[in-house]
Amino acid sequence: MPAPVRRTLLAGPVLDVAPRLLGMVLRRTTDEGTVAVRLTEVEAYDGANDPGSHAYRGETPRTSVMFGPPGHLYVYFTYGMHFCMNVVAGPDGTPSAVLLRAGEVIEGVELARERRAATTDRDLARGPARMCVALGIARESNAVDLLARGSAVQLLPGPGFDGEPATGPRVGLREAPDWPWRFWIPGDPTVSPYKPHVKKKRASG
DNA sequence: GAGAAGATTATCT
DNA sequence: GATAATCTTCTCC
């Protein structure tokens with residue numbers, strides 16, 4: 001599948017785009033080497049219409065990438081220590097995105113193990129922040145074009161999978177916690193466990 | 001300019 | 001299961 005075709009597919013409605021990403025491959029190459037992940041779990045965020053989306057309240061410096069053309073990477077920092085990444089979807093100007101929640105490392109397992117010390121291979125990319133660590137994704141990968149030649153991070157056609165994706169509520173959201181906009185490959189061991197939103201504990205009780 | 005909350009994870013019990 | 005770690009971003013004043 002050529003890159004222009006992939007970009008056209010990503011420009012569709014985010015609820016169509018999200019399940020199509022399952023079984024595709026995200027690969028990042030640096031001086032350290034290459035790590036590639038087969039995506040097994042994603043979540044859809046429908047920009048302006050979705051109370052759970054970062055873009056719901058309009059464009060800000062952080063979310064500006066989401067308002068751009070599809071096929072770019074939106075990386076954000078959260079909880080003071082973790083990065084998570086999305087693939088921007090929908091046409092240019094529509095702030096939809098697909099959160100990449102989990103995957104299976106299919107290339108560069110040894111490098112991924114170095115980055116993710118003290119864990120099993122199954123857990124190398126099982127969770128959005130874990131997958132960022134395994135791939136070495138951080139602030140500098142924000143806004144990268146995943147479909148351009150020469151990008152350090154590439155979104156590639158993968159093995160896909162047979163059958164229908166499983167669906168369920170998104171993980172950890174306070175807003176719209178029940179919308180079944182999470183998609184995963186049924187039975188895949190690298191899919192992350194579901195956890196509902198937990199309120200932050202206040203500093204002084 | 002201050003305050004609150006967050007698309008999480010590792011660790012301890 | 002419960003909780004600490006840790007800092008960016010956004011919302012109000």
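Values below: every heavy atom of this structure, side chains too, minus hydrogens, waters and symmetry copies. Order of the sequence lines sets the chain letters (A, B, ...), proteins ahead of strands, with each chain counted from 1. Keep in mind it's a predicted model, so treat the numbers as computed, not measured.
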Enquirer: Examine dA5(B): is either OP1 or OP2 under 4.0 Å from a nitrogen or oxygen in the side chain of Arg174(A)? Give yes or no.
Expert: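 For dA5(B), OP1/OP2 do not have a side-chain N/O of Arg174(A) under 4.0 Å.
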Enquirer: Once you round it to whole Å, what is the distance between C1' of dA7(B) and CZ of Arg130(A)?
Expert: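 Spelled out: CZ on Arg130(A) to C1' on dA7(B) is 15 Å.
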Enquirer: Just compare dT9(C), dT9(B), dA7(B) and give me whichever is closest to any side-chain atom of Arg62(A).
Expert: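 Closest nucleotide among those given: dT9(C).
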Enquirer: Hey, which of these two, Gly80(A) or Lys195(A), hits DNA chain B nearer its 5' end, going by closest nucleotide?
Expert: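 Counting from the 5' end, the first nearest nucleotide belongs to Gly80(A).
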Enquirer: Need the pair for dT6(C). Rule: Watson-Crick or G-U wobble, both distances under 3.5 Å, any strand; none if unpaired.
Expert: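 Matched dT6(C) with nothing under the 3.5 Å cut-off.
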Enquirer: Going through the distances and angles, do Arg130(A) and His82(A) end up as a side-chain contact (heavy atoms from CB on, under 4.5 Å)?
Expert: CA-CA 9 Å; Arg130(A) 291 166 166 182; His82(A) 296 303; over 6 Å; no
Enquirer: Atom CD1 of Ile137(A) and atom P of dA7(B): how far apart are they, to the nearest Å?
Expert: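 Distance, rounded to whole Å: 19 Å.
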Enquirer: Establish whether Val75(A) and Val37(A) are linked, either directly or via other cluster members, by ILVMFWY side-chain heavy-atom contacts under 4.5 Å.
Expert: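 Yes; tracing contacts between hydrophobic side chains, which count when under 4.5 Å, links both residues.
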Enquirer: How many whole angstroms separate atom NZ of Lys199(A) from atom P of dA5(B)?
Expert: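 After rounding, the reported distance stands at 8 Å.
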Enquirer: Classify Phe77(A) by what it touches in the nucleic acid, base, sugar-phosphate, or nothing, heavy-atom distance under 4.0 Å.
Expert: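 Since only primed, P, OP1 and OP2 atoms lie under 4.0 Å of Phe77(A), the category is sugar-phosphate.
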Enquirer: Quick one: His82(A) NE2 to dT6(C) P, roughly how many Å, whole number?
Expert: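 Checked: the NE2 to P distance equals 11 Å.
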Enquirer: Are Val42(A) and Val144(A) linked, directly or through other ILVMFWY residues, by side chains that come within less than 4.5 angstrom of each other?
Expert: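 Same cluster: Val42(A) reaches Val144(A) through Ile, Leu, Val, Met, Phe, Trp or Tyr contacts under 4.5 Å.
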Enquirer: Take atom CD of Glu175(A) and atom P of dA4(B), then tell me their distance rounded to the nearest Å.
Expert: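 Taking atom P of dA4(B) as the reference, CD of Glu175(A) is at 18 Å.
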Enquirer: Calculate the interatomic distance between Tyr79(A) atom OH and dT8(C) atom P; express it in whole Å.
Expert: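 Taking atom P of dT8(C) as the reference, OH of Tyr79(A) is at 16 Å.
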Enquirer: What is the ring orientation for His54(A) with Tyr74(A), classed by angle as parallel under 30°, tilted 30 to 60°, or perpendicular over 60°?
Expert: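 Rings of His54(A) and Tyr74(A): perpendicular, as their planes differ by over 60°.
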Enquirer: What integer distance in Å separates Asp123(A):CG from dT11(B):C1'?
Expert: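 In whole Å, dT11(B) C1' and Asp123(A) CG are 14 Å from each other.
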Enquirer: Is any N or O donor-acceptor pair between the side chain of His197(A) and the base of dA7(B) shorter than 3.5 Å?
Expert: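 No.
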Enquirer: Tell me whether the OP1 or OP2 atom of dA7(B) has a side-chain N or O from His54(A) closer than 4.0 Å.
Expert: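 Yes, such a contact exists.
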Enquirer: Identify, between Met66(A) and Thr119(A), the residue whose nearest nucleotide on DNA chain B lies closer to the 5' end.
Expert: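 Whichever sits nearer the 5' end wins; that is Met66(A).
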Enquirer: Tell me which nucleotide among dC10(C), dA7(B), dT9(B) gets nearest to the side chain of Leu99(A).
Expert: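 So the nucleotide nearest the side chain must be dA7(B).
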Enquirer: Under 4.0 Å between a side-chain N or O of Arg57(A) and OP1 or OP2 of dT9(C)?
Expert: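 Looking at the OP1 and OP2 atoms of dT9(C), neither is under 4.0 Å from any side-chain N or O of Arg57(A).
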Enquirer: Between Arg170(A) and Asp50(A), is there a salt bridge with N-O shorter than 4.0 Å?
Expert: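 Yes, Asp50(A) and Arg170(A) are salt-bridged.
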Enquirer: Quick check for you: among dG6(B), dA5(C), dA7(B), whose closest atom lies nearest to any side-chain atom of Met81(A)?
Expert: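 Of the candidates, dA5(C) comes closest.
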Enquirer: State whether Arg116(A) places a side-chain N or O below 4.0 Å from either non-bridging phosphate oxygen (OP1 or OP2) of dT9(B).
Expert: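 It does not, given that no N or O in the side chain of Arg116(A) lies less than 4.0 Å from OP1 or OP2 of dT9(B).
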Enquirer: Among the nucleotides dC10(C), dA7(B), dT8(B), which one has an atom lying closest to any side-chain atom of Pro61(A)?
Expert: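 Output: dC10(C).
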Enquirer: Same cluster for Val65(A) and Leu99(A) if Ile/Leu/Val/Met/Phe/Trp/Tyr side chains link at under 4.5 Å?
Expert: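 Looking at the clustering, Leu99(A) is in the same group as Val65(A).
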Enquirer: Would you indicate what Arg170(A) reaches in the nucleic acid, counting non-hydrogen atoms under 4.0 angstrom: base, sugar-phosphate, or nothing?
Expert: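 No contact.
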Enquirer: To the nearest Å, how far apart are Glu59(A) CD and dC10(C) C1'?
Expert: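 Distance check: Glu59(A) CD to dC10(C) C1' gives 15 Å.
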Enquirer: What's the closest nucleotide to the side chain of Ser53(A) if the choices are dT8(B), dA7(B), dT11(C)?
Expert: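 Of dT8(B), dA7(B), dT11(C), dA7(B) is nearest to the side chain of Ser53(A).
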Enquirer: Look at Arg101(A) and dT8(B) and indicate whether a side-chain polar atom (N or O) is within less than 4.0 Å of OP1 or OP2.
Expert: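 Looking at the OP1 and OP2 atoms of dT8(B), one of them is under 4.0 Å from a side-chain N or O of Arg101(A).
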Enquirer: Does the side-chain ring of Tyr76(A) lie flat on the base of dA7(B), meaning centres under 5.5 Å and planes less than 30 degrees apart?
Expert: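 No.
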